[in-house]
Amino acid sequence: MSKSKKIIVANWKMNPASFKEAKAIFSAIKPKNKKSKIKADVVICPPFVYLSALADYRSTRIKKRSTLINLGAQDVFYEPEGSFTGEISPLQLKNLGVKYVIIGHSERRALGETNEVVRNKILACIKYIITPIVCVGENKRDESGNYLSFIRTQIEEIFSGIPKSALSKIVIAYEPIWAIGKSALREATPVESNEMAIFIKKVLSDLYDQKAVENVGILYGGSVNTKNAGEFLKNGGVDGLLVGRESLDSEKFNEILKVVSSK
Ligand code: PGA
């Protein structure tokens, strides 16, 4: 990925309950205003059921106001078409103009998604030129550093079989599970995020080489809010943020985007 721009991803999860509400949030997002230039790729990941209508809406909006919001999905299947009841393919997403897909979110892993499935989904995205945002993260921290070996194994299992040439097309989101959602133990600190960004790159450079890792974008996700976004971007060692709850409130999400523009 290009490191000159940050990436700010909104993960709406299974919200909101109606398209009317989804459109209201989407239309209130301001990825650009007249004064400041866009310094981030803004990616909105709504539930699948709203993607098509938001893609239509987005194209009219782009013409009118020259704003730019990328659409992302929260998951994808690894086959392009066929008898896979309930699944959504990378080809279908690509044909809608979807540019990013979150893969291996901890809430999907909790439902049984394995590192092998995550790997197949990444390969499918690469094939259809969609940027995978691959989530990794431990569910607890311990003083003896077992969380580090957990992340190492996660990355090794996911990336075995991913060619070096694909690396620059992949974004990794570090999402410590203990810092995600309403039941988060606490927020992570920018120091912790920075440490993990370095560690993730180290594991990847052991698997590939240092040069290949230079262009891998790393995001932080987990209880990102208007107060901590700036610190994560400044001192968290990351190229962007993955925002859950605060992305459903367009005012707060716009605040986060403003923080990015001021960095
Ligand atoms: P949160 O979710 O910001 O609500 O903690 C982040 C995520 O799970 O991607």
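For ligands, and for the atoms within them, numbers begin at 1 and follow the listed sequence.
- Residue-ligand proximity, H105 to ligand 1, at heavy-atom distances under 4.0 Å covers atoms 7 (C), 8 (O), 9 (O).
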Original post:
Run the side-chain contact (heavy atoms from CB on, under 4.5 Å) check on V43 and K99 step by step: do they pass?
Top reply: CA-CA 8 Å; V43 184; K99 294 277 188 297; over 6 Å; no
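- A donor-acceptor contact closer than 3.5 angstrom is absent between the side chains of N115 and Q154.
- Applying the 4.0 Å criterion to heavy atoms of N11 picks out, from ligand 1, the atoms 9 (O).
- Residue-level proximity to ligand 1 for K182 is absent, since no heavy atom of it falls below 4.0 angstrom.
- The protein non-hydrogen atom at the shortest distance from atom 2 (O) of ligand 1 is K13 NZ, 3.2 Å.
- Note that NZ of K252 is 14.5 Å distant from CG of L257, once rounded to the nearest 0.5 Å.
- Annotation: E156, atom CD; neighbour count of heavy atoms from other residues, nucleotides and ligands within 6.0 Å is above 12.
- Shown here is K23, whose NZ atom has no more than 12 heavy atoms of other residues, nucleotides or ligands within 6.0 Å.
- Close approach of ligand 1 to L242 is summarised as follows: ligand atoms under 4.0 Å from at least one heavy atom of the residue are 9 (O).
- Listed by number with element, the atoms of ligand 1 under 4.0 angstrom from any heavy atom of S223 are 1 (P), 3 (O), 5 (O).
- Between R186 and E192 there is a salt bridge, since at least one side-chain N of the basic residue sits less than 4.0 Å from a carboxylate O of the acidic one.
- Near R245, with a cut-off below 4.0 Å to any heavy atom, the atoms of ligand 1 are 1 (P), 3 (O), 4 (O), 5 (O).
- Residue-ligand proximity, E175 to ligand 1, at heavy-atom distances under 4.0 Å covers atoms 6 (C), 7 (C), 8 (O), 9 (O).
- Checked for salt-bridge contact, R119 and E157 miss the test: no charged N lies under 4.0 Å from a carboxylate O.
- Between E214 and K201 there is no salt bridge, since no side-chain N of the basic residue sits under 4.0 Å from a carboxylate O of the acidic one.
- The shortest N/O to N/O separation between G221 and ligand 1 does not fall below 3.5 Å.
- Side-chain atoms of Q74 and W12 form no donor-acceptor pair, as typed in the model, at a separation below 3.5 Å.
- Inclusion of G181 in the set of residues having an N or O under 3.5 Å from an N or O of ligand 1 is warranted.
- Using a 4.0 Å cutoff on heavy atoms, E246 does not count as a contact of ligand 1.
- Of all the atoms in ligand 1, the ones that sit under 4.0 Å from a non-hydrogen atom of G244 are 1 (P), 2 (O), 3 (O), 4 (O), 6 (C).
- Ligand-side atoms of ligand 1 in range of G222: 5 (O), range being under 4.0 angstrom from any heavy atom.
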